[in-house]
**Q** 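Here it is: the structure, laid out below.
Fair warning: this is a prediction, and the values are worked out from it, not measured in the lab.
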Amino acid sequence: MGLNCADQKSTEEFYTRYFGFSRARVVDLGEARIVFLRKGDAYLELFESPVGPAGPAHDDGPPAPGRIRHLAFQTDDVDAFLAELGDAADVTLGPLDFDDFICGWRTVWVRDPDGVIVEVSQGFEDDRSHDKDGA
């Protein structure tokens with residue numbers, strides 16, 4: 001996922017501190033650079049952007065086609081995540097419980113330093129009935 005950033009350092013610190021990413025590489029392009037962050041098989045590419053934000057996203061993100069609605073990550077405990085996060089990001093929606101769908105599924109949405117909405121969930125499980133063998 002490539003993210004445009006107002007301040008690469010702030011965005012890198014946010015995702016490394018609260019989501020466990022680490023710096024994988026920096027590509028120097030002369031007057032600009034790309035910072036690559038990695039967590040497992042997931043990468044975030046951070047691009048410094050000279051353009052201001054498109055407008056504040058709310059709730060679970062912008063519904064317009066062609067825009068990212070939100071990034072989504074799992075945690076063991078949404079409330080513990082929020083306690084650690086403190087005032088480092090605004091909560092845009094939730095926390096909400098989705099026990100009607102999956103027992104223990106709880107989610108909150110926060111805004112990263114650049115205004116991207118980030119979903120943080122606990123207890124989400126795949127529906128195994130969609131596996132090829134039905135297991």
Side-chain angles (χ1 to χ4, degrees):
M1 175 74 58
L3 301 175
N4 293 320
C5 308
D7 178 348
Q8 281 176 313
K9 183 179 180 193
S10 295
T11 303
E12 180 178 4
E13 288 173 357
F14 180 78
Y15 286 101
T16 56
R17 179 172 180 185
Y18 299 110
F19 294 92
F21 281 84
S22 59
R23 184 179 277 194
R25 179 177 297 273
V26 175
V27 175
D28 187 352
L29 303 173
E31 293 185 24
R33 67 186 189 147
I34 305 169
V35 176
F36 291 83
L37 303 180
R38 180 179 186 186
K39 181 177 181 183
D41 291 336
Y43 284 89
L44 295 177
E45 300 173 20
L46 308 182
F47 296 84
E48 191 85 34
S49 177
V51 179
H58 301 283
D59 298 325
D60 69 338
R67 291 201 54 201
I68 295 170
R69 188 170 190 115
H70 58 252
L71 300 177
F73 297 101
Q74 291 281 355
T75 186
D76 292 331
D77 185 332
V78 165
D79 294 323
F81 171 81
L82 286 172
E84 181 183 347
L85 187 65
D87 62 359
D90 295 330
V91 172
T92 61
L93 183 63
L96 300 176
D97 294 319
F98 296 106
D99 287 324
D100 289 346
F101 304 100
I102 300 171
C103 184
W105 183 13
R106 183 169 168 77
T107 302
V108 66
W109 291 265
V110 299
R111 186 178 292 113
D112 85 356
D114 298 297
V116 174
I117 302 298
V118 181
E119 173 186 345
V120 180
S121 290
Q122 73 183 47
F124 177 85
E125 297 176 1
D126 291 346
D127 179 353
R128 302 292 302 200
S129 68
H130 297 285
D131 290 350
K132 285 183 182 181
D133 59 7

**Q** Just wondering, do Tyr15 and Asp112 contact through their side chains at under 4.5 Å, heavy atoms?
**A**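 They are in side-chain contact.
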**Q** Distance from Lys39 atom NZ to Thr16 atom OG1, nearest 0.5 Å?
**A**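 Answer for the NZ-OG1 pair, Lys39 versus Thr16, is 11.5 Å.
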**Q** Is it the case that the side chain of Asp114 and the backbone of Val116 share a donor-acceptor pair, with hydrogens and angles ignored and the cut-off at 3.5 Å?
**A**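 Checking the backbone N and O of Val116 against the side chain of Asp114, no donor-acceptor pair under 3.5 Å is found.
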**Q** For the backbone of Val35 and the side chain of Arg33, can you confirm whether one donor and one acceptor N or O come within less than 3.5 Å of each other?
**A**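 Flag not set: sc Arg33 to bb Val35 has no pair under 3.5 Å.
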**Q** Specify the closest pair of heavy atoms between Arg69 and Ile117, including all atoms of both residues, with the distance to one decimal.
**A**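 Nearest pair, atom of Arg69 first, then Ile117: O-CB, 3.9 Å.
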**Q** Please check: side-chain N/O of His70 versus main-chain N/O of Asp60, any donor-acceptor pairing under 3.5 Å?
**A**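 At least one qualifying donor-acceptor pair exists.
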**Q** Can you tell if the side chain of Asp97 reaches within under 4.5 Å of the side chain of Trp105, non-hydrogen atoms only?
**A**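 When only atoms from C-beta onward are counted, Trp105 and Asp97 do not touch, as no gap falls below 4.5 Å.
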**Q** Going through the distances and angles, do Asp90 and Val110 end up as a side-chain contact (heavy atoms from CB on, under 4.5 Å)?
**A** CA-CA 5 Å; Asp90 295 330; Val110 299; over 6 Å; no
**Q** Show the numbers, then the answer: is there a side-chain contact (heavy atoms from CB on, under 4.5 Å) between Leu85 and Phe14?
**A** CA-CA 9 Å; Leu85 187 65; Phe14 180 78; 3.9 Å; yes
**Q** So do the side chains of Ile34 and Val26 get within less than 4.5 Å of each other, counting heavy atoms only?
**A**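 Ile34 vs Val26: side chains apart.
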**Q** Give a yes or no answer on whether the side chain of Asp59 reaches the backbone of Leu93 with a donor-acceptor pair at less than 3.5 Å.
**A**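 No; zero donor-acceptor contacts below 3.5 Å.
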**Q** Evaluate the side chain to side chain donor-acceptor pair (under 3.5 Å) criterion for residues Glu119 and Ser121: first the C-alpha distance (whole Å), next the side-chain angles of each, then the deciding distance (0.1 Å), finally the verdict.
**A** CA-CA 6 Å; Glu119 173 186 345; Ser121 290; 2.9 Å; yes
**Q** Run the side-chain contact (heavy atoms from CB on, under 4.5 Å) check on Gln122 and Val78 step by step: do they pass?
**A** CA-CA 6 Å; Gln122 73 183 47; Val78 165; 3.6 Å; yes
**Q** Less than 4.0 Å between a side-chain N and a carboxylate O, is that true for Glu12 and Arg23?
**A**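 Looking at Glu12 together with Arg23, the answer is yes, because their closest N to O distance falls below 4.0 Å.
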**Q** Would you indicate whether the side-chain heavy atoms of Glu84 and Leu82 approach each other to under 4.5 Å?
**A**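 Side chain of Leu82 against side chain of Glu84, heavy atoms only: no contact under 4.5 Å found.
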**Q** Classify the ring geometry between Phe98 and Trp109 as parallel (under 30°), tilted (30 to 60°) or perpendicular (over 60°).
**A**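 Geometry flag for Trp109 against Phe98: perpendicular rings.
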**Q** Does Ile68 form a side-chain contact (heavy atoms from CB on, under 4.5 Å) with Met1? I'd like the steps, not just the answer.
**A** CA-CA 10 Å; Ile68 295 170; Met1 175 74 58; 3.3 Å; yes
**Q** Taking atom CD of Gln8 and atom CG of Leu46, what is their separation to the nearest 0.5 Å?
**A**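 These two atoms lie 6.0 Å from each other.
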**Q** Is the Phe19 ring parallel, tilted or perpendicular to the Phe73 ring (thresholds 30°, 60°)?
**A**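 Taking Phe73 first and then Phe19, their aromatic rings sit tilted (interplane angle of 30° to 60°).
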**Q** With rounding to the nearest 0.5 Å, note down the distance linking CG in Leu44 to OG1 in Thr11.
**A**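 OG1 of Thr11 is found 10.0 Å from CG of Leu44.
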**Q** Output yes when Arg106 and Asp99 qualify as a salt bridge under the 4.0 Å nitrogen-oxygen rule, no when they do not.
**A**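 Asp99 and Arg106: not salt-bridged.
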